[in-house]
2 protein chains.
Amino acid sequence: MPVDDVTVRRPTLTQVAALAGVSLKTASRALNQEPNVAPSTGRRVRDAADLLGYRLNGIARELRRGATSALVGLVSGDLTNPFYSAVASGIERELRQHGLLLITANNDEDAMLERSLVDAFLERRVRALLVIPSADDHEYLAIEGNRGVPFVFLDRPPDGLSADAVLIDNAGGARSAGEHLLGAGHRRIALVSDLVRMAPQRARIDGFVGAMRAAGNDAWEPFLRTGVHDVRQAERTVRDLLALDQPPTAVFTTNNRLTTGALRAMRELADPPALIGFDDFDLADVLGTTVVAHDMTALGREAARLAYERISGHSGPARTIVISTSIIARGSGERPPR
Amino acid sequence: MPVDDVTVRRPTLTQVAALAGVSLKTASRALNQEPNVAPSTGRRVRDAADLLGYRLNGIARELRRGATSALVGLVSGDLTNPFYSAVASGIERELRQHGLLLITANNDEDAMLERSLVDAFLERRVRALLVIPSADDHEYLAIEGNRGVPFVFLDRPPDGLSADAVLIDNAGGARSAGEHLLGAGHRRIALVSDLVRMAPQRARIDGFVGAMRAAGNDAWEPFLRTGVHDVRQAERTVRDLLALDQPPTAVFTTNNRLTTGALRAMRELADPPALIGFDDFDLADVLGTTVVAHDMTALGREAARLAYERISGHSGPARTIVISTSIIARGSGERPPR
DNA sequence: TTGAAAGCGCTAACAG
DNA sequence: CTGTTAGCGCTTTCAA
């Protein structure tokens, strides 16, 4: 029979105790494996619980124990992006080892939404909050940070407060991509990047520009494209670049979405330009795409580890972990200039 | 100053009320936008709350309101798989519109772990539970289903209890893949599939076999490979198939992981066999891979919708929604037999 | 080994 | 418009 009323009351510990003919506290002890319970009493209580279909009320327990849950929150961008989902997966695995659960929410790259999600998580009394922030200003989190809810920033450094962070060596990775292309003889190198309000994007641009400067090359400058935010835009941007009279001989894309767009733009070219993309992706090996790779799962794992240490009472100064990058040469980045 | 003690007590509503010089209930009313609060009182309370850095204790509220949270749980396989993350994303977006949050946990395809995760979620008093089950037997959930926690099964039908489900037209999709290859003139078609204990895999095999039977073709039989569970295995399996004296002229892979493996195996072939993969994927267009596509985000969205209806009190019999599939021809599935 | 009483922080019910 | 009282289901004293 389906249940009609929404408010089906579940059996409580009191009812279990009554059925077992013991006091509330004894029932509690028995079900929590606490010592000092006679075996026979324990059995009686467990039988009663089974009979009633009793299940512990975690909410009541948490309230009593100090209003703090076994939940850790993650606010990130679109989980559909494999970058975010790999990070989330790394976090979840690490947390689970400590009996913690992960709540996730997408900020849809909207600063207001992000704030309200952070609020919702804090109201749920999460033990820690992991954020891949879309907003620039994180000052509003400062009060919380000092009130016992540890924050860990992923992929983007905290701005306006001091907090633990796990970052990627964006500048270094982009620099080596630039050097890689220079080394293959390229000069006219296009840089296709996302919104510059995101710190990682700025760092990647800086790293790339640094490599160009160091080599005394300025032939890349006409081919700088920023603010390219989705696959379709990236495809069009690269198409346009390649249609120029003097097209670039190489392209560097600063994240996985942009790389996808570039690959689409180059799909039917007999003699495509060189390409390096920041972020590794699933079929890069099959496509022969050279990338700046980094361990996304490790990024999540390290962030979860930092959070767990704080939860466990660690109280040193804010720490920053930097995940290193490496170029994986698969062909596309090694094509010589035409 | 970093906080040293883990148990930093947050200010309570009582303290806010005291500071504002009003009663507990008035403070509660003011902060919850309830009617019947004088504007000046409201302001005083809000100021006091800001001053103390007060934040509502959602746990206490939930306990009082009936021990049911605004959380919906999702237990699924590896979030690293784009299939799961697309589904999760669809769920999360739909739930958010109703003010519900999503808790996720990976079962790592382990039935025991899945059970304990389900337990953990139920103890947290989730409002609904969405499951992409790895286990076969879901009978242990039956009691819960009748106790007010709605279940929705995704991608795999419930076994041993009656519950809402959102499925993919696995048999239909696989059948049309088979027909597509037959139509291109293939007879020796390899079927590479995952663990047959997963219902969707069985359905896909059945659909494919049905197409073969209907066409009176049995030349595929030597090329049936089941139990192939990861990318590496898939790659080796396809390599082995193609190394046979009489190799298959076409390959059908029954999920995205297996398709990836097949693509790796075929990477360097001058004259690869035809290929159709179940599940669309990100760069399939660039690679020219023909797939059986379906809307994974919609799968999640529909599941969340069903759950929300139950949460809102709907109590009809269990419903099943089937997400349709379609072949997207991109070249690999249209290659003729050699 | 067991039990009684108190109270976590909040909201619902009912007065004023 | 505001306050008082009670109690959600559990764990934590403290006492038996």
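Here the structure is a predicted model, which is why all the values come from computation and not from measurement. In the text below, chain A, chain B and the rest are named by the order of the sequence lines, each starting its count at 1.
For B:Asn36 and D:dT2, the shortest distance from a side-chain N or O to OP1 or OP2 is not below 4.0 Å. In this structure, B:Thr41 reaches the D:dT2 phosphate: one of its side-chain N or O atoms is under 4.0 Å from OP1 or OP2. One finds a side-chain N or O of A:Asn32 lying less than 4.0 angstrom from the OP1 or OP2 phosphate oxygen of D:dT11. Taking 4.0 angstrom as the limit, A:Ser23 places none of its side-chain polar atoms (N or O) nearer than this to OP1 or OP2 of C:dA4. Residue A:Arg61 has a polar side-chain atom (N or O) positioned under 4.0 Å from OP1 or OP2 of D:dT11. Taking 4.0 angstrom as the limit, A:Thr14 places none of its side-chain polar atoms (N or O) nearer than this to OP1 or OP2 of D:dG9.
In the set D:dT2, D:dT12, C:dT11, C:dT11 carries the atom at the smallest distance from any side-chain atom of B:Arg64. The listed nucleotides are D:dC8, C:dA12, C:dA4; the one nearest the side chain of A:Lys25 is C:dA4. If you check D:dT11, C:dG3, C:dT11 against the side chain of A:Leu13, the one that comes closest is D:dT11.
The CZ atom of A:Arg65 sits 15 Å away from the C1' atom of D:dT13 (whole-angstrom rounding). Atom CG in A:Leu24 sits roughly 9 Å away from atom P in D:dT11 (whole-Å rounding). Taking atom CD of residue A:Glu34 and atom P of nucleotide D:dC10, one finds them 14 Å apart after rounding to whole Å. Protein atom CD of A:Gln15 is 11 Å distant from nucleotide atom C1' of D:dG9, rounded to whole Å. One atom, CD1 of B:Ile59, and another, P of D:dT11, lie 14 Å apart when rounded to the nearest Å. For A:Arg44 and C:dT1, the CZ to C1' distance is 12 Å, given to the nearest whole Å. The interatomic distance linking B:Glu123 (CD) with D:dC10 (P) rounds to 10 Å, in whole Å. Rounded to an integer number of Å, the gap from B:Leu63 CG to C:dT11 P is 11 Å.
Screening B:Ile91, B:Val126, B:Val72 for a side-chain contact (heavy atoms from CB on, under 4.5 Å) involving B:Leu100 leaves a single residue, B:Val72.
When all heavy atoms of B:Ala86 and B:Met296 are compared, the pair lying nearest together is CB-CB, 3.8 Å.
The side-chain heavy atoms of A:Arg310 and A:Arg127, taken from C-beta on, include no pair separated by under 4.5 Å. Two residues are said to be in side-chain contact when any heavy atoms from C-beta on lie closer than 4.5 Å; A:Val22 and A:Thr41 meet this criterion. Using a 4.5 Å cut-off on side-chain heavy atoms (C-beta onward), A:Arg93 and A:Arg301 make no contact.
With hydrogens and angles left out, the side chain of A:Arg125 and the base of C:dG9 share no donor-acceptor pair within 3.5 Å.
Nearest-nucleotide positions on DNA chain C place A:Ala38 closer to the 5' end than the other of A:Ala38 and B:Ser28.
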